[in-house]
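Note sheet for the following structure.
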Amino acid sequence: MCCYAVVLCALAIGILVAWTSGSGRIGTLPGAAANRGVAFLIVACVGGAVLLLVGARAAWRGRPGLTAIIPLAVLAVVGCVGETVDIASGNPLPDNLIGAGIIVLAVLPALLLLLPRAASRHDR
């Protein structure tokens with residue numbers, strides 16, 4: 001989960017650099033509505049990273065890491081919709097397999113967080 005948090009922070013930094021420097025598609029967006037969308041995306045990335053780290057810390061300490069499930073579930077839902085569109089539009093199989101792998105890597109930690117934990121020696 002910490003790796004996902006690092007990727008989200010790197011994405012937010014990359015978008016912020018492109019937005020402030022005026023480079024690429026993000027830097028040349030016209031209008032205030034587009035700029036609000038970019039700002040929202042940056043905040044959402046940082047917020048998702050914070051939720052992942054808080055959830056990972058809670059799970060590390062033996063508590064339920066439910067806050068980490070929120071960004072992982074969003075990634076899985078958006079990924080499923082995107083993969084369905086990719087398959088329907090006829091994208092090649094390797095592209096679809098990469099997307100499916102990303103979805104599986106998001107769902108697996110969420111499922112592990114939902115499973116009941118065995119009592120440790122300290123809890124007995």
Problem - Over all atoms of both residues, closest heavy-atom pair of A68 and A56 - result: CB-N, 4.4 Å
Problem - Spatial distance of atom CG (D86) from atom CG (L93) [nearest 0.5 Å] - result: 12.0 Å
Exercise for the section: Using the rule that two of Ile, Leu, Val, Met, Phe, Trp, Tyr join whenever any of their side-chain heavy atoms come within less than 4.5 Å, decide whether V38 and L41 are in one cluster. Expected result: yes
Handout entry: Nearest heavy-atom neighbours spanning C80 and I103
Key = N-CD1, 3.6 Å
Practice task
Mind listing the closest non-hydrogen atom pair of N96 and N91 along with its distance?
Solution key: ND2-O, 3.4 Å
Completion exercise
Taken to the nearest 0.5 Å, the spacing of L16 CG from L11 CG works out to 11.0 Å
Fill in the blank from the handout: Minimal heavy-atom distance between P64 and A58, with the atoms involved, is O-CB, 3.8 Å
Handout entry: Gap separating the CZ atom of R63 from the CG atom of L113, nearest 0.5 angstrom
Key = 13.0 Å
Exercise for the section: Report whether L108 and W60 are members of the same hydrophobic cluster (ILVMFWY, side-chain heavy atoms less than 4.5 Å apart, transitive linking). Expected result: no
Completion exercise
Separation between CD1 (I70) and CG (L52), nearest 0.5 Å, reads 9.5 Å
Fill in the blank from the handout: On a heavy-atom basis, the closest approach of A110 and I69 is O-CD1, 4.1 Å
Exercise for the section: Check the hydrophobic clustering (I, L, V, M, F, W, Y; side-chain heavy atoms under 4.5 Å; chains of links allowed) and say if L75 and L66 are grouped together. Expected result: yes
Practice task
Just jot down the side-chain contact (heavy atoms from CB on, under 4.5 Å) partners of V54, sequence neighbours excluded, or say none.
Solution key: V50, T67
Problem - Rounded distance (nearest 0.5 Å) linking atom CG of L8 with atom CD1 of I13 - result: 11.0 Å
Handout entry: Polar side-chain atom of Y4 near backbone of L72 as donor-acceptor pair, under 3.5 Å
Key = no
Handout entry: Straight-line distance of D95 CG to I87 CD1, nearest 0.5 Å
Key = 11.0 Å
